[in-house]
Amino acid sequence: MKYKQEPIFPKGFMWGASSSAWQVEGGVNEGGRTPAIIDLNSRKKAGYADNSIAADHYHHYKEDVKLMAEAGFSSYRFSIAWPRIYPDDSGKVNQEGINFYSSLINELVAHDIEPIVTLYHYDMPVWVDEKYNGWYDRGIIEAFDQFVRTCFVEFGDRVKYWHSINEQNMQICYGDWLGISKNVETWFVDKWKVNHIMNLCHAKAVIACHELVEGGKIGPVPGYVPIYPYSCDPNDQIAAMNAEEMTEKMWNDLYVHRKYNTFIRRYWEENNIDPDIRVGDMELIEKAKIDFISLNCYRSNTAKYCAEDTEEVPYQLNKSGVKGNLTFPKVPGMYQLVVNPYVETNDWDWEIDPVAMRYMLRYVWNHYQLPMMITENGYGAHESVSEDGKVHDPERIKFLRDQIYQVGLAIMDGCEVISYNPWSFTDLLSTGNGMSKRYGLVYINTTDKDVLDLKRIPKDSYDWYSKLIKSNGKRWE
Ligand code: BG6
């Protein structure tokens, strides 16, 4: 539908940006923090910088919050590093870790910025990984519960919006890349057991939040990639639905309806997969009623029919940042992903598709009727400081303008959206490309090769975004 007026964002709409602990903080050996499984990810997988310094937010958080406030932020979505709170197996809380987050939260609150906290964003303590074989052993459920309960008790007086696990679906779909699968060979089967344990952890967090945080609200953060059928061939439509089920819908159905949907149960039966659902598990999940759904959305995908006798092809994400290095998957009998001729792509072959934002919000609202926030959305690029000492990022401004406009249209369509937090506030480590793929509204002066002075340089997009949000979504120029 075309509206007679520009989109209107509701009063009190929360505008901010997003980060995660391991990607932004640095200070990995400070304040009593011990290693996390993700610590070496970038360097190990592709030779980029690791997170020992990252954006050094650990030492610059006051300056960073000041910049957020100057831009007019009313929210900031970040995560708490589990190994800062429980650095070892002793069961003893690390007071220095509590103090760090408490101080960050105080700083935000003092500047009228709503803290929106994610409890798990890939940084499992190494001691948990060693003791429980990562997410494979049910012992992790109690350890996670202890961690999240501590966070609710310590910060729940000031933090009212919580997230359980970041992109559980992506961690399961890309277990190897995000460091949670232990054996690529058996992941096809193992992932459903791991996924079930994650669901139990999510459920415990939801229940504990409602028990311990007065007025606390909590939701999941699926990584969402809207999927279109390649054509009006009915088989392409079914392929798109299959891709949707296997990469996102079954997770969202579980969070909202609190049971596994029939599609995935039939899939397990057909493939002789036992997700190890034990007595009492589904009763626990049933109690975990979420308050909202948060969505990380960067791109869209397009699916096409894939015959049973097609040779299987695994998904190879583009890790080089040179266009043309992505291989779409073929899943025989289910779907294959293909190039969408109607959309542009970035240097990592990610589709640039603003309409997908409106489509996703409409889809999720139609299916689940829960308030939604955008917790990630952004434009990753190779960037450097210009000769004039500034960072000019017109592509990011265009990306954000187009995407936010579509959020506005979705709101006009009747969707309840409460907050928009693009990835990311400052530049920070990309999951696979270190500092070479920058997303920030604020440039961090450092590179993968050399640690520079870490100066914060607001990019042109920072100024543009600031004007837009100070006008509550009215100043688009
Ligand atoms: C999201 C993750 O999936 O995508 C973030 O929650 C991540 O942690 C972001 O950084 C962008 O992906 P990438 O690989 O470009 O860093």
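Whatever order the structure lists ligands and atoms in, that order sets their numbers, starting from 1. Below, all heavy atoms of this structure are taken into account, side chains as well, without hydrogens, waters or symmetry copies.
At a heavy-atom distance under 4.0 Å, no atom of Leu428 approaches ligand 1. At a heavy-atom distance under 4.0 Å, only side-chain atoms of Trp350, from C-beta outward, approach ligand 1.
Any N or O atom pair closer than 3.5 Å counts here, and Tyr439 shares at least one such pair with ligand 1. Ligand 1 has an N or O atom lying under 3.5 Å from an N or O atom of Gln23, backbone or side chain.
When Tyr224, Tyr298, Trp423, Tyr420 are each tested for a side-chain hydrogen bond (donor to acceptor under 3.5 Å, both in side chains) with Asn377, only one passes: Tyr420.
Counting the atoms of ligand 1 from 1 in the order shown, those under 4.0 Å from a heavy atom of Asn166 are 6 (O). Ligand 1 places these atoms under 4.0 Å from at least one heavy atom of Ser430: 13 (P), 14 (O), 15 (O), 16 (O). Listed by number with element, the atoms of ligand 1 under 4.0 Å from a non-hydrogen atom of Asn296 are 6 (O).
When the shell of 6.0 Å around CZ of Phe13 is examined, it contains more than 12 heavy atoms from other residues, nucleotides or ligands. Within 6.0 Å of atom NZ in Lys323, more than 12 heavy atoms from other residues, nucleotides or ligands are found, so the atom counts as buried in its surroundings. Residue-environment remark: CD (Glu344) stays at or below the threshold of 12 foreign heavy atoms within 6.0 Å.
In summary, Lys459 and Asp427 engage in a salt bridge, as defined by a charged side-chain N under 4.0 Å from a carboxylate O. The pair Arg33-Asp39 meets the salt-bridge criterion, with a side-chain N (NZ, NE, NH1 or NH2) lying under 4.0 Å from an Asp/Glu carboxylate O.
Heavy-atom separations between Lys437 and ligand 1 include at least one value shorter than 4.0 Å.
The protein atom (non-hydrogen) at minimum distance from atom 13 (P) of ligand 1 is Thr431 OG1, 3.3 Å. From the protein, the heavy atom lying nearest to atom 9 (C) of ligand 1 is Tyr298 OH, 3.2 Å.
Looking at every heavy atom in both residues, Pro422 comes nearest to Tyr465 through CD-OH, 3.4 Å.
Of the possible polar contacts, none joining the Asn421 side chain to the Glu376 backbone as a donor-acceptor pair under 3.5 Å is found.
Among Arg299, Met170, Glu376, the residue whose heavy atom sits closest to atom 5 (C) of ligand 1 is Glu376.
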